[in-house]
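What follows is a single structure, written as structure tokens, with notes after it.
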2 protein chains.
Amino acid sequence: MAKERVTVVDIARAAGVSKSTVSLVLQGSSLVNEGTRAKVNATIRELGYVYNRSAANLRQSKSKIIGIVVNDLTNSFFAELAVGVDTVVQSAGFVQFLANTSEKIERQREVVASMREHGVSGLIISPARGTEAADLAPLVESGIPVVLVVRDIADAGVSSLTSDNHAGAMAAVRHLIERGHRRIAFLGGFPDTAVFEARMRGYRDALLEAGLDTADGLVIGSAPSRAGGVTAIEQAMMLSDRPTAALCFNDAVAFGVCDGLRARRLEPGADFAVIGFDDVIEAKTAVPALTTVSVDPQGMGQRAAELLLKQINAGKAEAESIVGSVRLVVRQSCGAAIERKKREALS
Amino acid sequence: MAKERVTVVDIARAAGVSKSTVSLVLQGSSLVNEGTRAKVNATIRELGYVYNRSAANLRQSKSKIIGIVVNDLTNSFFAELAVGVDTVVQSAGFVQFLANTSEKIERQREVVASMREHGVSGLIISPARGTEAADLAPLVESGIPVVLVVRDIADAGVSSLTSDNHAGAMAAVRHLIERGHRRIAFLGGFPDTAVFEARMRGYRDALLEAGLDTADGLVIGSAPSRAGGVTAIEQAMMLSDRPTAALCFNDAVAFGVCDGLRARRLEPGADFAVIGFDDVIEAKTAVPALTTVSVDPQGMGQRAAELLLKQINAGKAEAESIVGSVRLVVRQSCGAAIERKKREALS
DNA sequence: ATTCATAATTGGAACGTTCCAAATTCGTCA
DNA sequence: TGACGAATTTGGAACGTTCCAATTATGAAT
């Protein structure tokens with residue numbers, strides 16, 4: 001059982017070549033003769049050789065590992081983002097270190113340090129709340145490509161991939177206004193984040209554009225989770241002049257808002273219009289199907305990974321900030337159902 | 001910018017000690033004098049040294065990496081499982097390689113091979129459908145501890161951590177029978193998996209115990225997802241003698257069943273009883289709150305990680321098969337709401 | 001046959017750590 | 001003061017790969 005590790009020199013001896021040749025074969029070099037390549041590959045299989053990446057990494061001082069750190073894997077958005085990254089990263093022959101910070105900056109520090117020790121060749125990170133440019137400095141100084149996703153950090157000097165939160169929120173609110181809503185709330189999310197800020201400005205600008213009131217009471221923060229959505233809508237319904245529609249910080253909040261509405265015997269879509277943000281996978285199949293601003297989390301993960309790989313291959317690249325476009329996908333939760341019902345009632 | 005890597009010998013030189021001493025400090029050995037330890041730590045910080053794990057791994061031929069491979073990270077169950085693993089693994093000073101197989105056996109082969117090359121010191125795996133004992137053989141032969149989660153594989157000779165699917169399903173169905181249901185369906189899941197098999201037998205045994213019919217038409221397979229739940233309930237409602245309640249393969253299916261019910265203007269909990277399996281995080285906050293068999297995914301991840309760490313530390317341990325206990329958590333989707341309503345109507 | 005370019009192969013020196021056995025320092029006790 | 005054990009410290013030799021410079025085989029052209 002306790003068999004010795006098989007190494008390149010074992011292969012070399014068995015195949016009657018030098019270890020250098022074996023190494024060349026391992027790297028798929030075109031320098032090596034077709035015949036010897038076949039022979040070497042045969043003995044590799046025969047002896048059950050397994051490549052030792054630690055040794056290779058040490059020698060080349062680089063690895064085939066990329067790190068990805070997210071705030072909350074339990075949130076579908078990040079889970080989908082991670083699988084998006086995984087697919088492209090894997091097919092490029094890399095492997096993914098995934099870590100979850102639970103939004104804790106201390107934990108983030110630890111995992112980033114750990115990844116650095118492991119010599120990741122790049123890092124995709126959705127920074128925890130309160131992350132500063134200085135926290136990323138050691139990384140960028142040592143020349144490790146970093147791409148920020150979801151949340152940007154000013155002056156960090158690294159690439160970032162975010163979504164056009166402002167435009168998305170505006171589109172959503174305009175849609176609600178077109179449907180006749182006048183009292184529209186903005187629900188959920190932590191107010192001290194850039195993403196919240198951008199979406200909220202979009203919401204407000206659409207209101208202003210239509211000459212509507214932007215009274216502050218209608219924007220209600222909460223945790224960006226399903227539970228947070230429940231508390232936010234409860235708070236909104238205590239207002240003397242209740243809203244009739246809401247744009248939610250994200251889909252999780254939107255689902256929570258639907259739950260809270262039902263708890264008050266109000267049917268989302270029919271009695272109250274709700275729009276989410278993200279277009280998480282469940283949005284399509286939920287009942288009522290969630291109208292939401294699609295940012296395509298999996299696609300975002302893929303693009304982030306591609307951006308990172310490009311930088312890794314280029315050696316040293318300019319930091320670029322991409323803001324992905326976004327589109328409103330209208331389903332039922334914003335009241336498509338009412339319109340139809342009215343029409344049906346007329347005919 | 002292009003600064004040289006700082007190594008232990010640089011530290012040694014700067015601190016006026018030997019590299020061996022620095023190494024000792026790095027490992028927190030008690031052999032080294034308090035004064036020199038402090039001095040060394042100071043210069044480490046000063047020079048911005050970062051530990052090179054590749055080198056350490058090479059020397060010790062072991063790593064502080066554990067691998068985890070799941071079938072579908074997009075499913076909350078697995079995301080929570082991964083988070084559970086992450087928490088305990090991290091605090092033990094390990095780091096987690098996470099890979100997603102999308103239930104593809106080929107992909108699984110690749111990622112397992114890759115993990116082996118990286119020298120993971122242990123592996124937690126929820127095997128893709130169709131995985132055989134032979135697929136894991138190379139791993140166990142090379143002495144890498146493996147723990148199977150969720151799905152067991154016969155004769156693989158490795159530890160496993162599953163749930164008492166049979167007992168859980170029985171408890172759920174008994175509960176439905178107590179509430180007066182007689183036509184109970186079993187919805188969703190792939191029929192060719194061991195988990196399906198076990199849950200379905202539990203369902204059937206509870207029916208038999210109560211002297212009820214176990215006509216085959218009431219068990220309807222589907223993909224174990226939300227979308228699958230929708231199609232399963234649709235099929236169930238086409239039966240001439242419709243069920244009035246269902247035990248679902250998992251929570252995702254249960255949510256889909258609720259969606260499908262609503263699409264037919266039936267209110268889950270009031271007009272039809274549904275019970276899920278897993279107790280995913282959304283189960284509590286959904287409306288109606290989902291009655292489900294709790295397997296505590298995050299806790300399961302933690303226990304799996306603890307089991308694996310135990311084996312890693314023990315060197316060579318006996319394979320143990322743990323089947324975790326499970327409990328029915330009664331919420332609203334199984335009709336608690338009806339009962340209350342009836343009582344309210346009477347008073 | 002000799003030369004020359006090209007194709008293929010090869011030793012040995014890294015890479016940055018850990019571990020072993022041996023060496024040095026220190027305090028204490030005779 | 002010398003000796004002795006304990007506490008610290010320390011040179012090298014690994015670990016398994018890759019890379020460089022150098023060597024050898026191959027074949028074409030003279």
Side-chain angles (χ1 to χ4, degrees), chain A residues 2-41 43-44 47-65 93 114 116-121 142, chain B residues 2-41 43-44 47-65 93 114 116-121 142:
Chain A
K3 51 178 61 168
E4 298 291 297
R5 207 182 217 304
V6 180
T7 77
V8 280
V9 314
D10 297 323
I11 302 293
R13 197 160 22 229
V17 296
S18 79
K19 61 183 165 34
S20 304
T21 304
V22 177
S23 175
L24 256 7
V25 171
L26 252 18
Q27 299 166 75
S29 162
S30 62
L31 291 181
V32 39
N33 179 291
E34 217 31 74
T36 47
R37 178 198 308 284
K39 188 170 52 184
V40 168
N41 278 325
T43 42
I44 281 179
L47 301 196
Y49 166 75
V50 357
Y51 187 71
N52 183 332
R53 260 172 219 281
S54 291
N57 291 348
L58 173 58
R59 181 60 233 254
Q60 329 185 100
S61 48
K62 72 179 177 136
S63 74
K64 289 298 234 170
I65 305 176
S114 168
R116 209 144 89 90
E117 293 183 354
H118 280 280
V120 296
S121 27
S142 58
Chain B
K3 51 177 62 167
E4 298 290 296
R5 208 184 217 304
V6 180
T7 78
V8 280
V9 315
D10 297 323
I11 302 293
R13 195 161 23 228
V17 296
S18 79
K19 62 183 166 32
S20 303
T21 305
V22 177
S23 176
L24 255 10
V25 171
L26 253 18
Q27 298 166 77
S29 163
S30 61
L31 291 182
V32 37
N33 179 291
E34 216 32 74
T36 48
R37 178 199 307 286
K39 188 170 51 184
V40 168
N41 277 326
T43 43
I44 281 179
L47 300 196
Y49 167 75
V50 357
Y51 187 71
N52 183 332
R53 260 172 219 283
S54 292
N57 291 348
L58 172 58
R59 181 59 232 252
Q60 327 184 99
S61 47
K62 74 181 176 139
S63 75
K64 288 297 233 168
I65 305 176
S114 168
R116 209 144 89 90
E117 294 184 352
H118 280 280
V120 295
S121 26
S142 57

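Letters A, B, ... are given to chains in the order of the sequence lines, protein chains preceding strands, and every chain is numbered from 1.
The structure places CG of A:Leu31 at 10.5 Å from OG1 of A:Thr36, a figure rounded to the nearest 0.5 Å.
B:Asp10 has its CG atom 13 Å from the C1' atom of C:dC15, to the nearest Å. Atoms CG (A:Leu26) and P (D:dC19) sit 12 Å apart, rounded to a whole Å. Across the protein-nucleic acid pair, B:Lys62 atom NZ and D:dA14 atom P stand 21 Å apart, rounded to whole Å. Rounded to an integer number of Å, the gap from A:Tyr51 OH to D:dT17 C1' is 7 Å. Rounded to an integer number of Å, the gap from CG of A:Asn57 to P of C:dC15 is 16 Å. In this structure, the CZ atom of B:Arg13 is 13 Å from the P atom of C:dT17, given to the nearest Å. The separation between A:Glu117 atom CD and C:dG16 atom P is 15 Å, rounded to whole Å. Summarising the geometry, the separation between CD on A:Gln60 and P on D:dC15 is reported as 20 Å, rounded to the nearest angstrom.
Comparing atom distances between the A:Gln27 side chain and each of D:dG16, C:dT18, D:dT18 picks out D:dT18 as nearest. Among D:dT9, C:dG16, D:dT17, the nucleotide with an atom closest to any side-chain atom of A:Arg59 is D:dT17. Checked against C:dT17, D:dG16, D:dT9, the side chain of B:Thr36 finds its nearest nucleotide in D:dT9. In this structure, the nucleotide among C:dA13, C:dT17, C:dT18 sitting nearest to the side chain of B:Ser23 is C:dT18. For A:Lys19, the listed nucleotide lying nearest its side chain is C:dA13; candidates were C:dT17, C:dA13, D:dT9. When distances run from any side-chain atom of B:Tyr49 to the nucleotides D:dC19, C:dT17, D:dG16, the shortest one goes to C:dT17.
Remark: the B:Ser20 side chain and the D:dG11 base include a donor-acceptor N/O pair separated by less than 3.5 Å.
One N or O on the side chain of B:Asp10 and one on the backbone of B:Thr7 form a donor-acceptor pair closer than 3.5 Å. With hydrogens and angles ignored, the 3.5 Å screen pairs a side-chain donor or acceptor of A:Thr43 with a backbone N or O of A:Val40. At least one donor-acceptor pair under 3.5 Å links the side chain of A:Ser63 to the backbone N or O of A:Gly119. Proximity of a side-chain donor or acceptor of A:Ser121 to a complementary backbone N or O of A:Lys64 within less than 3.5 Å is not detected.
One finds no side-chain N or O of B:Thr21 lying less than 4.0 angstrom from the OP1 or OP2 phosphate oxygen of D:dT9. Between B:Thr7 and C:dG16 there is no side-chain N or O to OP1 or OP2 distance below 4.0 Å.
Comparing B:Leu31 and B:Ser61 against DNA chain D, the residue whose closest nucleotide sits nearer the 5' end is B:Leu31.
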